[in-house]
Structures are given as structure tokens and as C-alpha cells.
Amino acid sequence: MRFAPSPTGYLHVGGLRTALYNYLFAKKNNGKFVLRIEDTDRNRLVEGAVEKLIETLKWVGLDYDEGPDKPGDVGPYTQSQRLDLYKKYAEKLIADGNAYYAFDTPERLQELRDYQYKNKLQPKYDKLALKLSKEEIEEKLANGEPHVVRLNVRSGEKIKLNDIIRGQVEFETDIIDDQILIKSDGFPTYHLANVVDDYLMGITHVIRGEEWLSSTPKHILLYKYLGWELPEFAHLPLLLNPDRSKLSKRQGDVAVEDYRAKGYLKEALINFVALLGWSTSDNREIFEMNELIEEFSLERVHKAGAIFNIEKLNWLNAEHLRKKPAEELLSMLKEEFKNSKYADSIPDDDYLLLIIEAMRERVSFVREYIEKCPYFYERPTGYDEAVIKKRWKDDSQELLREYVGRLKRIENPQKEDYEKILVEIAEEREIGKGRLIHPLRLAVSGVGIGPGVYDLLFILGKDEVINRIETALTKISK
RNA sequence: GGCCCUAUGGUGUAACUGGUUAACACAUCACCCUUUCAAGGUGGAGAGUACGGGUUCGAGUCCCGUUGGGGUCACCA
């Protein structure tokens with residue numbers, strides 16, 4: 001198996017899914033997963049793209065057995081380092097009459113296309129170069145005339161493809177163009193390079209996006225002309241924008257790096273992307289990587305394109321986040337703190353651990369451990385007006401004073417103590433606990449929502465609670 | 001436009017080789033729980049399976065046609 005991206009700067013989520021399916025299939029079948037860099041387009045090279053790609057792949061946990069930075073049996077893994085190989089096979093194709101040199105100028109090709117377009121003809125190369133005599137070719141080559149190598153497609157044949165996902169697909173060779181195999185700069189095109197490499201690297205299953213389906217017959221022809229056995233093909237459905245067009249940058253984030261930066265967990269991203277076009281018969285939703293490996297099968301990949309629905313990703317993120325052990329959340333949270341406004345005063349571990357448990361069911365992202373409960377890290381800067389209006393009663397002042405009074409008498413109060421004194425007051429005065437709970441929460445946190453009050457009070461601690469209530473008593477009025 | 005792929009609620013999917021009122025999850029709404037907010041639980045609304053024919057006792061599942069969507073037609077991958 002292999003994942004063969006071109007280094008254009010970032011890893012597209014569609015690419016992530018392709019990589020994932022390849023990875024899962026390889027792991028499931030005890031095969032190898034190879035990373036190959038397809039950098040044969042010199043015009044689109046992006047500085048540092050390969051490193052970035054590798055880093056991202058590493059982050060999501062798709063480790064490959066062999067790749068540019070992980071030498072193995074079938075290297076090199078970067079196409080620009082395999083040029084002689086492509087040349088060798090191109091020459092073999094030419095020698096066998098299955099490919100040929102062509103010397104057409106871009107202008108002539110453009111004119112040809114314009115003519116064909118105007119006359120509603122199939123746009124294809126007209127095989128003009130095939131009329132050249134052997135001597136003419138020799139001479140042009142000797143003169144160093146710019147040239148390409150084209151695939152010689154005979155018309156009137158049928159190419160049958162048995163796609164694992166789509167079943168049998170047929171193409172007429174008449175509509176297949178004499179694809180350029182070697183460009184005039186000496187680099188191969190994707191078609192040649194990918195076939196040569198897949199064969200030489202022993203790739204048994206080609207799993208790639210559906211956008212490759214229509215050029216597959218060209219690849220099949222190459223295998224045939226080279227006398228090589230065909231690999232299995234599986235063309236994955238595309239990932240779509242909400243308007244059903246191909247997933248693009250214009251309508252949101254498409255780079256894995258973007259989602260990482262936004263705080264999505266790799267577990268959630270992997271889980272989500274796995275479910276875009278694949279499912280188990282019981283419709284299970286939550287998977288860890290090892291479970292995906294266990295369950296995955298190409299036969300259960302859906303055929304139609306899938307819309308990238310961010311709401312479900314958010315839900316999955318919350319699910320995976322909640323599953324994490326406290327220790328792991330702690331280190332992630334501390335990392336998050338470094339980039340927050342509290343970077344200079346990061347609370348100690350014990351304190352954060354309490355918050356983690358109190359907030360666990362209330363957050364979907366790590367950063368929300370900070371954003372959703374700033375009152376754990378600083379005193380309220382104000383009090384929610386709507387909550388004051390709704391919860392602050394005539395007796396609130398007095399009740400809170402009473403609460404503070406009793407709290408002061410307790411040495412080292414535990415969570416139960418905070419509850420006990422509240423219940424006592426409520427019972428003695430024959431009022432509902434809510435009469436106390438809501439003003440208390442407001443006084444101490446400034447807002448009307450959050451973890452259970454007793455948790456809240458206990459975490460803040462006796463001194464802080466007393467201090468905050470006293471401050472609130474001077475500030476809240478109605 | 002040619003060729004190819006494709007079509008189940010708003011979204012992602014399920015429904016063994018055709019056989020009960022088309023299931024699950026996300027989102028949405030209501031209720032319960034917790035005197036908060038979440039999480040959790042329960043229930044509701046939401047598709048008669050793009051449309052039209054046909055085969056069959058019976059079709060989301062098979063066949064034909066139509067329509068919609070997508071991909072591809074580069075010296076890009």
C-alpha cells in the first residue's frame with residue numbers, strides 16, 4: 001500500500017482520508033504502508049512542503065513503514081530521484097512501438113485543441129508525430145529539439161477495469177488521448193511515474209480518489225504494454241462542500257493543519273474522516289485507530305461523495321476528549337495555557353486536575369477548559385445582568401452573609417461541607433436551596449452557568465470563596 | 001459537450017443473497033434528571049428510498065429510461 005501525495009504545501013483532509021484508508025488496509029492485511037512523494041511537477045514545488053507533510057502525518061498517527069525519511073527496500077521514495085527509471089521504461093515503450101517521440105510546439109497543440117473544440121470534436125492529440133520517419137526523429141533528437149514522449153493508444157479496443165468499490169467499469173480506447181509520459185523537461189507525468197513506481201514498489205492495491213478513475217485506463221494500458229500484472233484498484237468517493245461541489249478552500253478549512261490549529265484532536269479527525277464514506281453494518285460511530293484497523297474493509301466503502309459536516313466532527317471531538325485520562329488532559333491543558341493570557345500564572349497540577357473533572361462533561365475542546373470557566377483563573381470582572389435580574393432576590397445579601405459566616409467557622413472545608421451549610425441554612429429558613437445556590441454561583445463566578453456549585457466552591461477554596469462573596473456583596477445591587 | 005462515476009430524512013450512514021410500520025448517529029424540538037450549564041435518559045418532527053416505467057405475490061434492493069449532482073477530458077497531480 002502507499003500514499004502518494006504531491007508536496008503542494010499542506011495535507012488536504014481528502015488526502016488524509018485516502019492516506020488513512022491505505023494505512024488501515026495495509027495494517028489490516030499485514031501489509032506495508034509506503035509514503036511516496038510525487039514531485040514531478042517542478043512548477044508546483046513548495047519549499048518545505050515535504051517536511052510539513054511528514055510532520056502532519058506523524059501528528060495524526062499514520063506512520064508509514066517506508067518513506068523519504070525512512071529508508072526501506074523499495075526506495076528512493078521521491079520521484080525526482082527516480083528519473084532514470086522512468087526514462088528506462090519510456091525507452092522500452094518506444095522500442096516496442098507503444099510510445100513515441102513528439103516534437104509539437106505548445107502553439108500547435110493549442111491550435112489543434114481550439115479547432116477540435118470549435119468543431120465539437122473529442123480533444124485529443126492527432127498522432128502527427130507518428131508520421132515522422134525514423135531518420136527525421138533521429139535528426140531532431142540529435143539537434144536537441146524539445147520533445148515529449150507520448151503513449152501510443154490504439155483505437156477500437158475496450159479497457160475493462162474491476163474496481164473494488166465500483167465494480168466493473170468499461171472504457172473505449174477511442175476516447176483516450178495519447179497521454180504525454182515524459183515532459184519536455186525530462187520529468188515524467190503522473191501517469192508514467194505512478195505506474196512505474198507502483199509496480200517497482202510492489203504496490204498491490206491502488207487506493208485513491210475518484211478523480212483518478214477516468215485516467216485509470218491509461219494506467220492499465222501502461223501495465224499491459226510493460227508486461228506487468230495489474231494491481232487492484234479502489235476509487236474512493238470524493239469529499240464535498242455543503243453545496244455538493246468538490247471540497248475546496250473557498251468554503252472552509254481543508255488542511256489538516258487548520259483543524260489541528262483549531263484544537264481538534266487527531267483521534268476525532270481520524271474517526272470522522274474514516275466515517276466519511278465508510279461504515280460498519282451496525283452503524284457504530286466511535287472508533288479508536290486500532291478499532292478502525294480491526295473493522296476496516298474496502299467492500300464497505302460507500303460509492304457516493306460525502307459532505308464534510310463540521311458539526312459531527314465537533315461532536316466526535318467532544319466524545320474523544322471526554323474519554324481521555326485526566327493526566328493526558330492535564331498536559332494538553334498546560335500546553336494550551338502557554339498560549340493563553342494566563343501564560344504567566346499557570347495554576348498547579350492539583351488545581352487543574354480538579355477543574356478537569358468538574359468541566360469534563362461540559363467541554364468539546366481543550367481550550368474550553370480555559371474559555372468556558374475563566375472564574376477558576378481570575379476573579380469575576382463583572383456579574384451577568386440577566387442572571388442578577390433573575391436570581392438576585394431581596395434576601396440574597398443576607399443569605400450570602402449567613403453563608404460566609406458559617407463557612408468561616410469551618411476548618412479546611414470539604415466539598416460536603418459546602419453543601420451541608422447550604423442545606424442547613426435553607427432548612428432553618430424553610431426556603432428552597434435554589435435561593436442560595438444561584439446567588440452563590442453568581443457571586444463567586446460572575447455567571448449563571450458552570451459545574452455544580454459545591455464543586456465550584458470547593459475548587460476555589462474557602463478563602464477565595466469568602467473573598468469573592470464579600471466583594472460581590474458590595475457590587476451587586478438590584 | 002464527450003466519456004465515466006453517482007443518487008436512502010438537513011448531514012453521515014444501515015437495511016444478509018428482493019420479504020414486517022425504512023434503522024442508527026449528528027443537528028433540531030420537547031420532556032425527565034441535576035434548583036445552573038452540560039452530559040445522560042425518554043420522546044417528537046423530519047425520507048416512503050431523485051423521478052417515470054417495468055419484472056415479481058412482494059423492490060431502497062433487479063431491468064430500462066429520464067433528471068439532478070460529481071469527476072475527467074493539461075508538457076498538474
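Order of the sequence lines sets the chain letters (A, B, ...), proteins ahead of strands, with each chain counted from 1.
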Count the heavy atoms of every other residue, nucleotide or ligand shown that sit under 6.0 Å from [atom1] of [X], and state whether that count exceeds 12.
| X | atom1 | value |
| --- | --- | --- |
| A:Asn143 | CG | yes |
| A:Lys87 | NZ | no |
| A:Lys183 | NZ | yes |

RNA chain B contacts made by residues 312-320 of chain A, counting heavy atoms under 4.0 Å: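 Close to the strand are A:Lys312, A:Trp315, A:Glu319.
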Give one of base, sugar-phosphate or nothing for [X], where a contact means two heavy atoms less than 4.0 Å apart.
| X | result |
| --- | --- |
| A:Leu276 | sugar-phosphate |
| A:Gly277 | sugar-phosphate |
| A:Pro451 | base |
| A:Arg284 | nothing |
| A:Val169 | sugar-phosphate |
| A:Glu170 | sugar-phosphate |
| A:Lys246 | sugar-phosphate |
| A:Thr8 | nothing |
| A:Glu38 | sugar-phosphate |
| A:Arg441 | base |

Test of ring centre spacing under 6.0 Å for A:Tyr264 and A:Phe272: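 Centroid separation for A:Tyr264 and A:Phe272: 6.0 Å or greater.
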Rounding to a whole Å, what distance do you find between [X]:[atom1] and [N]:[atom2]?
| X | N | atom1 | atom2 | answer |
| --- | --- | --- | --- | --- |
| A:Leu112 | B:C75 | CG | P | 11 Å |
| A:Glu107 | B:C75 | CD | C1' | 12 Å |
| A:Asp455 | B:U34 | CG | P | 16 Å |
| A:Leu213 | B:A77 | CG | P | 19 Å |
| A:Phe287 | B:U13 | CZ | P | 13 Å |
| A:Lys124 | B:C73 | NZ | C1' | 11 Å |
| A:Leu239 | B:U6 | CG | P | 17 Å |
| A:Lys372 | B:A38 | NZ | P | 8 Å |

Is the distance from OP1 or OP2 of [N] to the nearest side-chain N or O of [X] less than 4.0 Å?
| X | N | answer |
| --- | --- | --- |
| A:Arg44 | B:A74 | no |
| A:Lys183 | B:A77 | yes |
| A:Ser281 | B:A15 | no |
| A:Arg300 | B:A15 | yes |

Which nucleotide in the set [options] lies at the smallest distance from any side-chain heavy atom of [X]?
| X | options | answer |
| --- | --- | --- |
| A:Ile449 | B:A38, B:C37, B:U11 | B:C37 |
| A:Arg150 | B:C75, B:U35, B:G12 | B:C75 |
| A:Arg391 | B:C75, B:U11, B:U36 | B:U36 |
| A:Arg362 | B:C73, B:U35, B:C37 | B:C37 |
| A:Ser279 | B:C75, B:C5, B:U13 | B:U13 |
| A:Phe171 | B:A25, B:G71, B:C3 | B:C3 |
| A:Ser245 | B:U11, B:U35, B:G70 | B:G70 |
| A:Lys303 | B:U11, B:U6, B:A77 | B:U6 |
| A:His302 | B:G71, B:C75, B:A14 | B:A14 |

Ring pair (Phe, Tyr, Trp, His ring centres under 6.0 Å) against A:Tyr21, all qualifying residues, sequence neighbours excluded: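 By the ring pair (Phe, Tyr, Trp, His ring centres under 6.0 Å) rule, A:Tyr21 matches A:Phe296.
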Distance-only polar pair, side chains of A:Gln110 and A:Asp114, donor-acceptor under 3.5 Å: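 The answer is yes; a qualifying pair exists.
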Along RNA chain B (nearest heavy atom to each residue), the more 5'-positioned of A:Glu311 and A:Gln79: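 The answer here is A:Glu311.
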Residue whose nearest RNA chain B nucleotide is more 5′ - A:Gln122 or A:Trp278: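 With A:Trp278 and A:Gln122 compared, the 5'-side residue is A:Gln122.
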Nearest 0.5 Å please: distance from the [atom1] atom of [X] over to the [atom2] atom of [Y].
| X | Y | atom1 | atom2 | value |
| --- | --- | --- | --- | --- |
| A:Leu265 | A:Met332 | CG | CE | 5.5 Å |
| A:Glu38 | A:Thr189 | CD | OG1 | 10.5 Å |
| A:Leu132 | A:Phe103 | CG | CZ | 6.5 Å |

A:Asp197 vs A:Tyr77, side-chain contact (heavy atoms from CB on, under 4.5 Å): CA-CA, chis, key distance, verdict: CA-CA 9 Å; A:Asp197 288 344; A:Tyr77 301 90; over 6 Å; no
Full working for side-chain contact (heavy atoms from CB on, under 4.5 Å) between A:Leu298 and A:Trp278: CA-CA 8 Å; A:Leu298 281 176; A:Trp278 172 83; over 6 Å; no
Side-chain donor/acceptor contact of A:Ser184 with base of B:C75 under 3.5 Å: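 Such a pair exists between side chain and base.
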Which nucleotides of RNA chain B pair, in dot-bracket form (Watson-Crick or G-U under 3.5 Å, | meaning another strand): (((((((..((((.....[...)))).(((((.......))))).....(((((..]....))))))))))))....
Salt bridge present between A:Glu464 and A:Arg379 (N-O < 4.0 angstrom):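 Yes.
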Six-ring centre of A:Tyr125, A:Arg150 cation under 6.0 angstrom, axis tolerance 45°: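 Checked: cation-pi criterion met.
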For B:G40, glycosidic torsion class - syn if within 90° of 0, otherwise anti: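 Here B:G40 takes the anti form, which means its glycosidic angle is more than 90° from 0.
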